[in-house]
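Below is one structure; the comments refer to it alone.
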Amino acid sequence: MPLSFTPDNQLQHGYYQIERLGTLLRLTIAEGINRELVLQYQTDVARHVETLRGQRWGVHLIVGGNVLMTPEAAEALIAITRSHQQLGRCGTAIELRHGSVSGLLKAFWGNIYQASGIPYAFFENSADAEQWLRQQIVSTQNRFSKE
């Protein structure tokens, strides 16, 4: 099979940083995001998810500015997020920072997590976001321990 060539306009766009905080992953993103960046994220987050094997965990997504993504990137992110549910992910807390179109951002990010089947909620600050995630984790652990 021939190697594929990525034209200059298809190179990775955007920024992300992943931090592990116990059973939480804090994902900070900025700028416009394309499919190439999402695929790189998939590789990087898989390493963190591996360390959480057998545990319930959540993602604290911090969206810096008016971050949207291409339709291809959104579809890739939905697929990745769906697969995380089977690996113990039980929620996504979304914190919008410095965005000027919060209604559009909430609709966009809400649609992604609704399509992925992962519980999500929007927050004004990190403390509330992480408290909600910890409650999601405990609630999910309790539900599965009763089965």
Side-chain angles (χ1 to χ4, degrees), residues 1 4 6 9-97 99 101-147:
M1 179 170 214
S4 61
T6 304
N9 64 350
Q10 294 294 314
L11 296 177
Q12 178 176 304
H13 291 284
Y15 163 84
Y16 70 87
Q17 177 182 354
I18 304 169
E19 302 169 79
R20 180 163 173 231
L21 308 167
T23 56
L24 303 182
L25 295 181
R26 183 183 295 150
L27 171 61
T28 304
I29 61 173
E31 303 174 21
I33 296 173
N34 66 4
R35 184 174 183 274
E36 289 71 23
L37 186 76
V38 171
L39 295 177
Q40 181 61 50
Y41 159 76
Q42 180 180 20
T43 301
D44 292 343
V45 78
R47 287 185 228 130
H48 289 280
V49 171
E50 179 62 29
T51 66
L52 296 167
R53 181 183 293 261
Q55 300 180 63
R56 301 289 172 205
W57 53 279
V59 172
H60 176 193
L61 173 64
I62 300 171
V63 179
N66 297 321
V67 178
L68 299 175
M69 60 181 66
T70 64
E72 298 83 10
E75 287 302 316
L77 182 59
I78 290 167
I80 293 164
T81 305
R82 277 186 188 140
S83 73
H84 285 170
Q85 195 167 29
Q86 297 169 335
L87 300 172
R89 184 170 175 176
C90 56
T92 302
I94 306 165
E95 181 182 348
L96 304 175
R97 291 184 182 171
V101 288
S102 65
L104 174 65
L105 291 169
K106 283 183 178 181
F108 179 81
W109 289 102
N111 286 338
I112 286 177
Y113 290 103
Q114 184 173 4
S116 71
I118 298 280
Y120 69 94
F122 290 92
F123 296 91
E124 300 287 323
N125 62 65
S126 294
D128 290 345
E130 292 177 7
Q131 178 182 3
W132 180 82
L133 279 172
R134 288 185 179 92
Q135 289 171 345
Q136 286 293 113
I137 291 166
V138 168
S139 172
T140 304
Q141 287 170 334
N142 289 341
R143 191 169 56 243
F144 281 97
S145 68
K146 292 178 183 176
E147 293 180 357

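- At least one donor-acceptor pair closer than 3.5 Å links the side chain of Asn34 to the backbone N or O of Leu37.
- When side chains are defined from C-beta on, Leu24 does not count as touching Arg20, because their heavy atoms never get closer than 4.5 Å.
- Taking all atoms of both residues into account, the shortest heavy-atom contact from Gln136 to Pro119 is NE2-CB, 3.6 Å.
- Between Leu96 and Ser102, the shortest heavy-atom distance links the atoms CD1-O, 4.2 Å.
- Test Leu25, Ile118, Leu27 against Thr92 for side chain to side chain contact (heavy atoms under 4.5 Å, CB included) and you get one pass: Ile118.
- Screening residues 42-77 for ring-ring contact (aromatic ring centres under 6.0 Å, His included), with sequence neighbours left out, gives Trp57-His84.
- The salt bridge (Lys or Arg N to Asp or Glu O under 4.0 Å) contacts involving residues 37-48 comprise Asp44-Arg47, where partners must be two or more places apart or lie in separate chains.
- One finds the OH atom of Tyr120 at 7.0 Å from the CD1 atom of Ile94 (value rounded to the nearest 0.5 Å).
- Annotation: the span from Gln42 atom CD to Ile80 atom CD1 amounts to 4.0 Å, rounded to 0.5 Å.
- Residues in residues 117-136 take part in these salt bridge (Lys or Arg N to Asp or Glu O under 4.0 Å) pairs, two or more places apart or across chains: Arg26-Glu130.
- Under the side chain to side chain contact (heavy atoms under 4.5 Å, CB included) criterion, Leu77 pairs with Val38, Tyr41, Met69, Thr81, Trp109, Ile112, Tyr113, sequence neighbours left out.
- Atoms CD1 and OH, on Ile33 and Tyr16 in that order, are 10.0 Å from each other to the nearest 0.5 Å.
- Contact record, Ile78 with Ala115: CD1-CB, 3.8 Å, taken as the closest heavy-atom pair.
- In this view, Arg97 and Ile62, Glu95, Ser126 satisfy the side chain to side chain contact (heavy atoms under 4.5 Å, CB included) rule, not counting sequence neighbours.
- For the pair Phe122 and Gly110, the tightest heavy-atom approach, listed with the atom from each and the gap, is CZ-N, 3.8 Å.
- Smallest separation of non-hydrogen atoms from Cys90 and Arg56: SG-CB, 4.2 Å.
- Screening residues 68-93 for salt bridge (Lys or Arg N to Asp or Glu O under 4.0 Å) gives no qualifying pairs among residues at least two apart or on separate chains.
- Across all their heavy atoms, Gly65 and Leu105 have their closest contact at O-CD1, 3.6 Å.
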